[in-house]
Amino acid sequence: MAARFNPLEADARWQKLWEEQGTFHASGDGDRPRAYVLEMFPYPSGRIHMGHVRNYTMGDVLARYRRMSGFDVLHPMGWDAFGMPAENAAMEKKVHPGAWTRSNIDTMRAQLKRLGFALDWSRELATCDPSYYGHEQALFLDLHEAGLVYRKQSEVNWDPVDMTVLANEQVIDGRGWRSGALVERRKLSQWFLKITDFADELLDGLGRLDQWPDKVRLMQENWIGKSQGMRFRFDLETPLTGREGPGVGSAEGGRTSKSDGSLRSPPTPDPSLAGRGIDSFEVFTTRPDTIFGASFAAISPDHPIAAALAESNPALADFIAECKQGGTTAAELETAEKKGFDTGVRVIHPLDPTWTLPLYVANFVLMDYGTGAIFGCPAHDQRDLDFARKYGLPVTRVVAPSPEEAEEPIGEEAYSGPGRLVNSRFLDGLTAEDAIREVIARAEAEGWGEGTTVWRLRDWGVSRQRYWGTPIPIVHCDACGPVAVPRDRLPVVLPEDIDFETPGNPLDRHPTWSRIDCPDCGGPARRETDTLDTFVDSSWYFIRFASQPADAPFDRAEAERWLPVDQYIGGVEHAILHLLYARFWTRALQRIGRLDVEEPFKGLFTQGMVTHVTFQDSEGKWLTPEEAEGHAGPVTRGRVEKMSKSKRNTVDPEPIVDQYGADAVRWFMLSDSPPERDLEWSEAGIQGSWRFVQRIWRLAAEEAGRGSSTWLGGGGGGGGDMALERKVHRTIAAVGANIEALAFNKAVANLYELTNALEKAPASPSRSRAVETLIRLAAPMVPHLAEEAWAAMGREGAIALAQWPVADPDLLVEEEVTIAVQVNGKLRDTLTAPKGSAKEALEEMALASEKVIRALEGKAPRKVIVVPDRLVNVVA
RNA sequence: GCCCCUGUGGUGGAAUUGGUAGACGCGCUCGACUCAAAAUCGAGUUCCGCAAGGAGUGCCGGUUCGAUUCCGGCCGGGGGCACCA
């Protein structure tokens, strides 16, 4: 047996063997319990980076541990293969997006295989294959039939130079990231999925996801943004025209729901309303209790009433135009002044027909939240207060924390705390909560308002005006309107002959692709040229992994046997969108009766980033660590930051694997930093991991060289290094518990401790068995080394399929314990005593201690606290 | 602005339900082996102090026999949402 472990030779040998023997195939039959371990599949950007290595190593340890613990494990891998970068590459490098993507996949698959991940490659999928996206089109049509898909006009960011739609992230300071052109808002007809239909369920379900990080649940909760309150009508003192007409922004208004939970789409301001007669509008508030503190009403500049009034009021039209100019970046909004325009119109207070309030158009009122209109209560809302001070509006306190403060004037700070109602007529004396109920009850009884719920969540716009995505399987016919592509004509395949020379959507300008006969009437029609948001692709891939028949998206029974995913691991950057969309998609499939799974991911873990030091030269140019070392001028060592190409601090995993082997890299990824926190890459760290791999190897080689296999087979008994045996069994218990808890850094520390103990222990049958146990415990983390050592020690079969050691409960308890002895809570001495010693005995031993006597300085103990097997505290 | 998380040696971080703070790794110091270096092995490493001893988990206070842990108030770092009514 070699003195050193040579990964360059061993890694590939074992990887080949695992592949040949199908070691990691999920069988899906038999009665073993099942475990589905999944890491977020990568976008094939070119090469694997350290973040992938960390993510997949964590999942791999869990998958291997579960397999050794007797589970039938599903641990698949695939490619989130549609998206913008492929089109960018096509434009810049003149390669076809498909060719670019597939070549990247080949590179990255080879890189992943070199890391020895225990993946079931037989289930590999790429979302850009028609064999995947064709099924996605079928599911889209299922949702369409079920009424969960609709089409409406929606604003997009339009780059007039590239003639393309931009995602919000691609708009930088109001300009297109590629062209630098000023971005325009443009209205396009787009497809939406009714995720808001599920807002309540998605929110409610969060409460039962007890294996998700609180942080992610909170982020989703905020994103869904449920606000309970009241919607009510303000009548205008004088209708806008003489004719009676319907209220505006009322029943159709806002993403609101009645108490039955039904949701409506947001309003599309209708210019024709102007002149049709407007006599009222609705506002939304979460504080109906403060209704007697109202001092103005305000509507959004986008509100139909604002538009109607502007027609005869040029100053207002100017004001509205001015509001639309403002930037939308966080910083601009932060400093943006609260501005309003007094329309001169007055509205009637719903609880007092003699009381009228001025109506403003205000720049801080958003059309797409609530009803696009508010009432202002300056005393109890800071924004309203700022506004009221600026325009000299009255400020009346209506909530006071105590009766004495009822007439306390409001200064520059609005009061939003608890209290009882004052200056509020029939509400006086009620708590805020009771007053809310009372006002809603009266409004509902009198018919001018109702309790309601408003959501921040919007429906999911899935149309993308791009080539490299799943074609939306719809045909537009002048006679029949939008028509679904018949199922037997799926998949709608992307054309291969595509031109990226001219700007715009390549599908749109393809000479023939979009021409088609209408499936309904046979007349001339056009294909939908938008493709689906790539988040749709990733909303169901975990189902396809579990079951992949050729003729259907999945087999229901088989998918239900694997789902939900037991442990999902990925970056926190997907905390909201991807995870919310996947939850929605799963529930939508459940609602239409395709799959009886409520939540796709039972356990979720979000791992930290891999970081590295940064360097800059005197001019602020980023330098790689290698450049910094040999740099002529002065070099500044910057902060430790996430590895990124722009900061030039990336470390390519492949050369590291070449140098140290897969196991040292994997070990480093698991060491030191808790997995949810950032991990700083360092050369010293990887060298430390390399040393540890060799230390385990030496122990194994030593025992193998001893010819100790005779001891190993010799059934549990003899050998008698009981201290070591106890250490081993404590380690078995600790490593298992820590892997279960995904506390890999602690499992790593447990293995270091056992290794330290083994290196010090004299040869014995106990030690030989202990080394074998160490190899098995380390196998999920350093699998190549473990296989090699396993074979060298003469064991049969792959260690990947060997049994996880079982801790003997009898060996987990210590015979002797160390007791801390305190005087007045300060440690003065320690003593050893048999486990389970009587309180009296421990007290006696403690009081006899020299150090205790000295610390007492002659004072008599007033009280002695004894915690069995832990400590004695003498109080004097 | 609102919400959430976090603060422990030179450093990454450990520490069941409150019960010996600093496990384990990295780094560093000294020593062994070597002509030398690397690798490896051994000893040490919270701070002050020769020692006895004292101080110590961001800061201030509280509860407790006992607080890194629980409570209140500050300060620092990170994240999410953001003119959300």
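Reminder, nothing fancy here: chain letters follow the sequence lines and each chain counts from 1.
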Review point. Where the side chain of A/A684 is concerned, which of B/A23, B/C26, B/G80 is the nearest nucleotide?
Key: B/C26

Exercise for review: Check the distance between B/C26's P and A/W690's CH2 and give it to me in whole angstrom.
Suggested key: 15 Å

Check your understanding: Nearest-Å distance, CH2 (A/W667) to P (B/G12)?
Key -> 21 Å

Point to revise | Distance-only donor-acceptor test, A/N222 side-chain atoms vs B/C81 base atoms, 3.5 Å | key: no

Point to revise | Residue whose closest nucleotide on RNA chain B lies nearer the 5' end, A/V874 versus A/T830 | key: A/T830

Review point. Which listed nucleotide (B/C4, B/G66, B/A21) is nearest to the side chain of A/L218?
Key: B/C4

Check your understanding: Now, which nucleotide makes the Watson-Crick or G-U wobble pair with B/G76, with each of the two distances under 3.5 Å?
Key -> B/U6

**Study point:** Complementary nucleotide of B/G53, counting Watson-Crick and G-U pairs under 3.5 Å
**Key:** B/C48

Point to revise | Nearest-nucleotide pick for A/S673, side chain only, options being B/G13, B/C81, B/U40 | key: B/G13

Check your understanding: OP1, OP2 of B/A85 versus side-chain N and O of A/R231: anything below 4.0 Å?
Key -> no

Point to revise | Residue-phosphate contact under 4.0 Å: A/Y752 side-chain N/O, B/A23 OP1/OP2 | key: no

Review point. What nucleic acid atoms does A/V365 come within less than 4.0 Å of, heavy atoms only: base, sugar-phosphate, or nothing?
Key: base

Practice item. For B/C5 versus B/A51, give the span between their C1' atoms, rounded off to a whole number of Å. Key: 45 Å

Check your understanding: Within the structure, does a side-chain N or O atom of A/R383 lie under 4.0 Å from either OP1 or OP2 of B/C84?
Key -> yes

Check your understanding: Paired with B/G31: which nucleotide, if any, by Watson-Crick or G-U wobble criteria at under 3.5 Å for both distances?
Key -> B/C41

**Study point:** Nearest-0.5 Å distance that lies between atom OG1 in A/T830 and atom NZ in A/K851
**Key:** 7.0 Å

Practice item. Looking at every strand, decide which applies to A/R217 at a 4.0 Å heavy-atom threshold: base, sugar-phosphate, or nothing. Key: nothing

Exercise for review: Look at the side chain of A/V875 and decide which nucleotide, out of B/C65, B/A85, B/A23, has an atom nearest to it.
Suggested key: B/C65

Check your understanding: OP1 or OP2 of B/G13 sitting under 4.0 Å from any side-chain N/O of A/R677?
Key -> yes

**Study point:** Atom C1', compared across B/G22 and B/U57: separation rounded to whole Å
**Key:** 9 Å

Check your understanding: With no hydrogens and no angle check, is any side-chain donor or acceptor of A/Q694 less than 3.5 Å from a backbone partner on A/F5?
Key -> yes

Study note, to complete from the structure: Contacts of A/L366 and A/L871 projected onto RNA chain B by closest heavy atom; the upstream (5') one is A/L871

Practice item. Round to a whole Å and report the spacing from CZ of A/F234 to P of B/A85. Key: 17 Å

Point to revise | Closest non-hydrogen atom pair between A/I195 and A/R458, with its separation | key: CG2-O, 3.2 Å

Check your understanding: Taking OP1 and OP2 of B/A55, is either one under 4.0 Å from a side-chain nitrogen or oxygen of A/K826?
Key -> yes

Check your understanding: CG of A/N363 versus C1' of B/C84: gap in Å, rounded?
Key -> 15 Å

Review point. Whole Å only: how far is the CE atom of A/M781 from the P atom of B/G25?
Key: 15 Å

Practice item. Identify the nucleotide, in any strand shown, that forms a Watson-Crick or G-U wobble pair with B/G1, with both distances under 3.5 Å; if there is none, say none. Key: B/C81

Review point. Should the ring pair A/F232 and A/W448 be called parallel, tilted or perpendicular, given that the plane angle runs from 0 to 90° and is split at 30 and 60?
Key: perpendicular

Review point. OP1, OP2 of B/A15 versus side-chain N and O of A/K746: anything below 4.0 Å?
Key: yes

Exercise for review: Indicate whether OP1 or OP2 belonging to B/G25 is found under 4.0 Å from a side-chain N or O atom of A/N756.
Suggested key: yes

Review point. Pick one for B/G9: is it syn, with its angle within 90° of 0, or anti?
Key: syn

Point to revise | Nucleotide B/G80, atom C1' - distance to CE of A/M219 in whole Å | key: 5 Å

Practice item. Please confirm whether A/Y660 and A/W667 have ring centers closer than 6.0 angstrom. Key: no

Review point. Of the nucleotides B/A82, B/G80, B/C84, which one has an atom closest to the side chain of A/R458?
Key: B/C84

Check your understanding: Are any of A/R828's side-chain N or O atoms less than 4.0 Å away from OP1 or OP2 of B/G53?
Key -> no

Review point. Parallel, tilted or perpendicular for A/H349 and A/F292, by the 30°/60° rule?
Key: parallel

Exercise for review: Have a look at A/F296 and tell me which of A/F375, A/F387, A/Y391 forms a ring pair (Phe, Tyr, Trp, His ring centres under 6.0 Å) with it.
Suggested key: A/F387

Exercise for review: Quickly work out the A/D678 CG to B/G79 C1' distance and round it to whole Å.
Suggested key: 11 Å

Review point. Can you check whether A/N745 has a side-chain N or O nearer than 4.0 Å to OP1 or OP2 of B/A14?
Key: yes

Exercise for review: Apply ring pair (Phe, Tyr, Trp, His ring centres under 6.0 Å) to the pair A/W681 and A/F668, showing each step before the final yes or no.
Suggested key: CA-CA 9 Å; A/W681 174 265; A/F668 179 74; 4.9 Å; yes

**Study point:** Options B/A85, B/U40, B/U20, nucleotide nearest the side-chain atoms of A/T285
**Key:** B/A85

Review point. Rounded to whole angstrom units, what separation is found between the CZ atom of A/R695 and the C1' atom of B/C26?
Key: 13 Å

Review point. B/U69 pairs with which nucleotide, Watson-Crick or G-U wobble, both distances below 3.5 Å?
Key: none

